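From a predicted model like this one, the values you see are computed outputs, not experimental measurements. Counting starts at 1 for both ligands and their atoms, following the listed order. All residue numbers refer to positions in the sequence shown, counting from 1.
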Amino acid sequence: MITTKDLTKVYRSRGREVHALDSVDLHVREGEVYGVVGRSGAGKSTLIRCVNLLERPSSGTVTVDGQELTALAGRGQRAGAPLRRARSRIGMVFQHFNLLSSRTVQRNVELPLEILGLSGRERSRKALELLDLVGLAAQARAYPAQLSGGQKQRVGIARALAGDPKVLLSDEATSALDPETTRSVLQLLRDLNRELGLTVLLITHEMDVVKAVCDSAALMKGGRIVESGRVADLLATPGSELARELFPVGGEASGADRTVVDVTFHGDAATRPVISQLSRTYNIDISILGAAMDTVGGRQVGRMRIELPGAFEENVVPIGFLREQGLQVDVAGPAAAVEQAAGSGLVHSTGLAKEGDRR
Ligand SMILES: Nc1ncnc2c1ncn2[C@@H]1O[C@H](COP(=O)(O)OP(=O)(O)O)[C@@H](O)[C@H]1O
Ligand SMILES: [Mg+2]
């Protein structure tokens, strides 16, 4: 539904060049909720602004719903009619709501409909319908100042839906809201995604948001997408940085001559007593250093950091046992480098290996 190819954006300010986007290939499937995460300055906002061409990319293409926006006529503000039309099918929700304080809630939602040239009666009907959809029918005549943050964002969402978009873009829509309001706004986005078949591309710096609503996610760093995929697949990818951030498990080895491994449980494996089986089978004492459990896409997923006595070489067989049980096992700490050097044939994260190198 949204595809960018080799998307690049270079800002030039005061003689300096900032490569805000560096060859970004993004692919968002129809009907999914796709989350982009990353630190401040990673290029997330630039990416979303390039997707609806609020920002003109320096090079590369943007295709939304089969239409290549970058090929449509018009540069910047002088964008032509075809681009304007295509853009009206892309809704956008902002962190600070961007409501007009002098207009009522209803008239804020009507704004894009005025631009689309609908009659007064059509505008009113459509705006009330949208306000009903976001649960704000009773506030139609209120002014933004009379609303809570969560209500303001619901107005922002209703306004974004005015052009019957197939795609909704959201740039940190919940980061000005408290956790409970965040949850209810996310639930609304999720419901709209399901009920209207709306494809949602959202930017966030909160991993909880990704866990709660996203089907897929991408991690951005320095203008590049460094990891992307379905959340459930990422969790099953050895060494995935996103998986580690979604399920942070802390804990350091309690001493030398210990092997620390991160075990990821999915589906069935999450409910089997594999750790006690491991302990009994090999007669070893296992310490749990950290653990996190959650539900992703309706499936139980968990991560656990455990410590086995002895160096990595002594634990090759127990680690093999865990992998045979269908668990994903990432060797952490210095042992990761040892395992890699041993060429065990299993892929390991550069992240984990680097961590090991440093110690
Ligand atoms: N209009 C602009 N002019 C110059 N540099 C910009 C502009 N907008 C963003 N940048 C720079 O581009 C980089 C990416 O910014 P941004 O996309 O806002 O990141 P994020 O949303 O991930 O925090 C940053 O280094 C930022 O300073
Ligand atoms: Mg931003």
Side-chain angles (χ1 to χ4, degrees), residues 2-28 33-62 64 69-70 74-79 83 87 90-99 149 152-153 156-157 159-160 167-178 181-182 185-186 189 200-214 216-229 231 234 240-242 244-246 351:
I2 303 172
T3 304
T4 74
K5 281 220 176 75
D6 213 6
L7 200 64
T8 302
K9 177 71 190 181
V10 183
Y11 289 112
R12 289 187 178 81
S13 64
R14 284 176 264 127
R16 237 168 38 92
E17 280 194 354
V18 178
H19 291 256
L21 294 180
D22 184 4
S23 191
V24 170
D25 292 325
L26 176 77
H27 185 66
V28 182
V33 178
Y34 194 108
V36 178
V37 296
R39 300 240 160 95
S40 176
K44 307 180 298 295
S45 295
T46 305
L47 174 61
I48 220 164
R49 291 167 61 83
C50 280
V51 164
N52 67 0
L53 258 66
L54 273 174
E55 200 80 72
R56 193 91 202 173
S58 304
S59 65
T61 61
V62 175
V64 177
L69 301 187
T70 31
R75 283 219 138 245
Q77 296 309 307
R78 288 183 287 115
L83 180 56
R87 239 193 224 149
I90 304 174
M92 177 103 178
V93 185
F94 304 89
Q95 179 180 358
H96 297 294
F97 325 126
N98 296 7
L99 302 179
K152 283 182 201 165
Q153 196 52 291
I157 292 169
R159 182 187 53 193
V167 169
L168 191 68
L169 308 178
S170 157
D171 190 352
E172 309 264 9
T174 59
S175 48
L177 306 174
D178 61 72
T181 312
T182 292
V185 168
L186 289 175
L189 289 179
V200 180
L201 174 60
L202 64 84
I203 287 177
T204 182
H205 60 266
E206 298 161 278
M207 285 295 171
D208 280 348
V209 172
V210 175
K211 260 196 278 198
V213 296
C214 295
S216 298
L219 173 64
M220 279 193 86
K221 274 187 191 177
R224 303 184 72 100
I225 289 184
V226 294
E227 222 181 90
S228 66
V231 175
L234 288 170
S240 159
E241 191 172 336
L242 264 174
R244 254 184 298 147
E245 295 210 15
L246 284 166

Would you please say whether a donor-acceptor pair under 3.5 Å links the side chains of S240 and E227? yes

Around atom 19 (O) of ligand 1, find the nearest protein heavy atom and jot down its residue, atom name and distance. G43 N, 3.2 Å

Over all heavy atoms of both residues, which pair between V51 and L69 is shortest? Give the atoms and the distance, please. O-CD1, 3.3 Å

With side chains defined as the heavy atoms from C-beta onward, is the minimum distance between V213 and L202 less than 4.5 Å? yes

If I apply the N/O under 3.5 Å rule, does A20 come out as touching ligand 1? no

Do protein heavy atoms approach atom 4 (C) of ligand 1 to less than 4.0 Å? yes

What's the shortest distance from atom 27 (O) of ligand 1 to any protein heavy atom, and which residue and atom give it? V18 CG1, 5.0 Å

Considering only heavy atoms, does T46 approach ligand 1 within less than 4.0 Å through its side chain, its backbone, both, or neither? both

Starting from atom 9 (C) of ligand 1, which protein heavy atom do you reach first, and at what distance in Å? Y11 CE1, 3.4 Å

Distance to 0.1 Å, residue and atom name: give those for the protein heavy atom nearest to atom 18 (O) of ligand 1. S45 CB, 3.8 Å

R224 (side chain) donor-acceptor with S23 (main chain) under 3.5 angstrom: no

Suppose we measure from atom 14 (C) of ligand 1 to each protein heavy atom; which comes out shortest, and what is that distance? G41 O, 3.5 Å

Counting N and O atoms only, with roles assigned by atom type, does the side chain of K221 sit under 3.5 Å from a partner on the main chain of G38, one being a donor and the other an acceptor? no

I need the contact type for R39 against ligand 1. Using non-hydrogen atoms and a strict under-4.0 Å cut-off, is it side chain, backbone, both or neither? backbone

Shortest non-hydrogen pair, L201 vs I48, comes out as O-CD1, 3.7 Å

Let me check your reading of the structure: within less than 2.8 Å of the Mg ion (ligand 2), is there an N/O/S atom from S45? yes

What heavy-atom pair brings V62 and P57 nearest, and what distance separates the two atoms? CG2-CG, 4.4 Å

